[in-house]
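Written out below as structure tokens is the structure these notes cover.
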Amino acid sequence: MLRMITGAAWASPSKTAVSEMVSRATALRDERFIIIVPEQYTLQTQKTAVSLHPDHACMNIDVVSFDRVAHVVLSKLGKDINEVLDDTGKALILRSVLEECSEDLAVYRSKIHMPGFIEELKSLITEFRQYRVDDNMLYLMQEDAALKGGLLYYKLQDIRLIYRRFNEKVEEDYATSEEILDIFERLMLQSDFLKDTHIYLDGFTGFTPVQLRIIRNMLTQAKDVTCAVTVPEDRIRTDCPEYDLFYLANETIFKLCRIAEEEACGIEHISADRNISLSDADSLKNIHIVSCRSSRDEAAYAARQILKLVRKEGRRFSDIAVMTADMESYYSILKSTFEDAGIPAFIDHKEEFSGNMLVRFIISALEVASKGMLYEQMFAFLKSGLSMIDYDECALLENYCLEFNIRGRGRWESGFTANRELKGGEYAWDLDRINDIRSRACTGIAAFYGTASGGRHKAVLFTKALRKLMNELDVRSRIEALSLRFEEEGNLTAALQYSQICDKAEELLDKIDLILGSRELDVKEFEDIVLSGIEEIRIGTIPPSMDAVIAGDLTRTRLGDISYLFILGMNEGRVPSAGSGSVLFTQRERTSLRKDYEIAPTVQENINSE
């Protein structure tokens, strides 16, 4: 049985689904209920289910994502899964593949070192695996493109080569998260885990082909499958145009209905709209539009209103949310504004790993090994904050090196002797102090330069030299001390971030050892690989308290029950997004491919959906 719960956003088909599931689970205590939601929505759904349950406990309800239910079933079947390759691992392998086949690329040869190129390529490979695009399908795409002429043929030729090399590297030792769902879909009927359960699907705007195949199998195993979709009852139509606000919702409904009909399952439609009556006047009277001069003014206005709601109207911070379609631009503004206003806030945004002193330390050390112990490279390393000299000593040493043009390993290690005589027979520089600073400045980095520079070495030699450098300079203890200092100062977000960065760096080096350890590289190639890995690392945070404002992204963040919502940046080009151009395919090329092959939506389709 397929059950569809539909309704407008204000009728909350999602809450209707969870509420109904809790009621049924309370009445049918001996039966199992499973609700599948996007990964980032699991905690919120658990909180909602527990709050709605009369016993405030959900013993017969499991809240899981597709990936989680796949892992559980495969584990119960005793199936060994190769090590799962995360985004960082994919980026490292792709960087290695691009270096190997760069000379064979016709279109992308000059783009492989462009910022963001690895990210786009990684997203495309993930898409191919989700939509079961294999080498044969790429060959057919290539042949069709050859008949039409143009650059698409050569782009597909390059992508096919990269995809084939990537698959060769991962097929024996690794599994991607997309493959796990594929394996789960093939083997799930062998397990009784989903048999006779009640399954709910919530929080999805659509499903990938592999998810649809999994739902097909669920319909044959479970007692019923219930899916919540946000679309008003009077907007459900088979001929919905692509530009319609509810096109994706309609497409999802009719795809699921077709699958149910093919599996000879009954279909039940439940309307959440019938539970709530809301006139147009009621829906509009609580909407306010405010014009501000800048993004910072928007954030300041939101902060003032939030404090007014809490102090004068007795609201809790957790009753309020702030959303934006451009969190990259608003993150630092919201963070500083809320901190200044004393508003506890959880900003649902993972900070890039590249913006901390440990990354500056690692990259500057590799630059020294790559280009030599020259002025720019040495002082970038010394100013990272993790060398053995402080900022005042660094400034003094820098002025000396500028005056006497100090460069090269020989001069740094042999001791400085140059000086400038002043009137009266005195000298401008205290060489004893300068050489003491020089000696401590060279700690670790001179030996690292000697090990890592010159010629090609196995990747494991570079990672070993980096670990030795970090140990010699006691990097972990110093960063842990910095994290404790942030905590004492009340900067819990920075404290949490700095408590993670050493482990993240170690994980990256471990992955390089595992994936590329025996590969011969020069220091520049190794630096590119490290940078590719760093670009994929994000540092997450947790809410500072239960009573905190939630700030998030319009397309990603899932909200629970809130009373007040502030949406910032409702400007043309942001909502809906203007879309970003792709280095790999133009919009016209992707549209052409989608006519004959099932791949991800085009930028225009995503804009229509948004």
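Worth knowing before you read on, the calculation uses all heavy atoms, side chains too, and leaves out hydrogens, waters and symmetry mates.
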Quick check on the 6.0 Å ring-centre criterion: do Phe128 and Tyr131 meet it? no
Verify the neighbour count for atom CZ of Phe254: are there more than 12 heavy atoms of other residues, nucleotides or ligands below 6.0 Å? yes
Using distance alone, with no hydrogens and no angle criterion, decide if Tyr163 and Asp134 have a side-chain donor and acceptor under 3.5 Å apart. no
Step by step, work out the salt bridge (Lys or Arg N to Asp or Glu O under 4.0 Å) result for Asp62 and Arg68. CA-CA 11 Å; Asp62 290 323; Arg68 180 60 187 158; over 6 Å; no
Determine the sole option in Val37, Asp202, Val229, Thr230 for which the side-chain contact (heavy atoms from CB on, under 4.5 Å) test with Ser14 is passed. Asp202
Leu334 side, atom CG; Leu568 side, atom CG - distance, nearest 0.5 Å: 6.0 Å
Is a salt bridge present between Arg3 and Glu20, judged by a nitrogen-to-oxygen distance below 4.0 Å? yes
Quick one, Glu589 with Arg594, criterion salt bridge (Lys or Arg N to Asp or Glu O under 4.0 Å). Give me CA distance, side-chain angles, the key distance, then yes/no. CA-CA 9 Å; Glu589 289 167 344; Arg594 269 182 64 80; over 6 Å; no
Any Lys/Arg nitrogen of Asp182 or Arg213 sitting under 4.0 Å from an Asp/Glu carboxylate oxygen of the other? yes
How far apart are the closest heavy atoms of Ile515 and Gly89, and which atoms are they? CD1-CA, 3.8 Å
Neighbour count above 12 (heavy atom, 6.0 Å) for Met1 CE: yes
Salt bridge or not between Arg95 and Asp528? Use side-chain N to carboxylate O under 4.0 Å. no
Pair Ser592, Lys148: side-chain N/O donor-acceptor within cut-off below 3.5 Å: yes
Presence of salt bridge, Glu99 and Lys524, under 4.0 angstrom: no
Starting from the C-alpha separation in whole Å, work towards a yes-or-no answer on salt bridge (Lys or Arg N to Asp or Glu O under 4.0 Å) for Arg109 and Asp158. CA-CA 9 Å; Arg109 184 186 310 166; Asp158 284 358; over 6 Å; no
Can a salt bridge be assigned to the pair Glu525 and Arg519 using a cut-off of 4.0 Å between side-chain N and carboxylate O? no
Can the ring centroids of Tyr108 and Phe117 be said to lie less than 6.0 angstrom from one another? yes
Go through the steps for Lys90 and Glu119 under the test salt bridge (Lys or Arg N to Asp or Glu O under 4.0 Å), then give the verdict. CA-CA 10 Å; Lys90 287 180 185 176; Glu119 176 67 26; over 6 Å; no
Does the side chain of Tyr153 pick up a donor-acceptor pair with the side chain of Glu143 at under 3.5 Å? no
Taking atom types as modelled, find out whether His269 and Thr6 have a side-chain donor-acceptor pair closer than 3.5 angstrom. yes
Salt bridge flag under 4.0 Å for residues Lys122 and Glu535: no
Without hydrogens or angle criteria, can the side chains of Thr220 and Asn217 be said to hold a donor-acceptor pair below 3.5 Å? no
Does a side chain donor of either Glu39 or Ser65 reach within less than 3.5 Å of an acceptor in the other side chain? yes
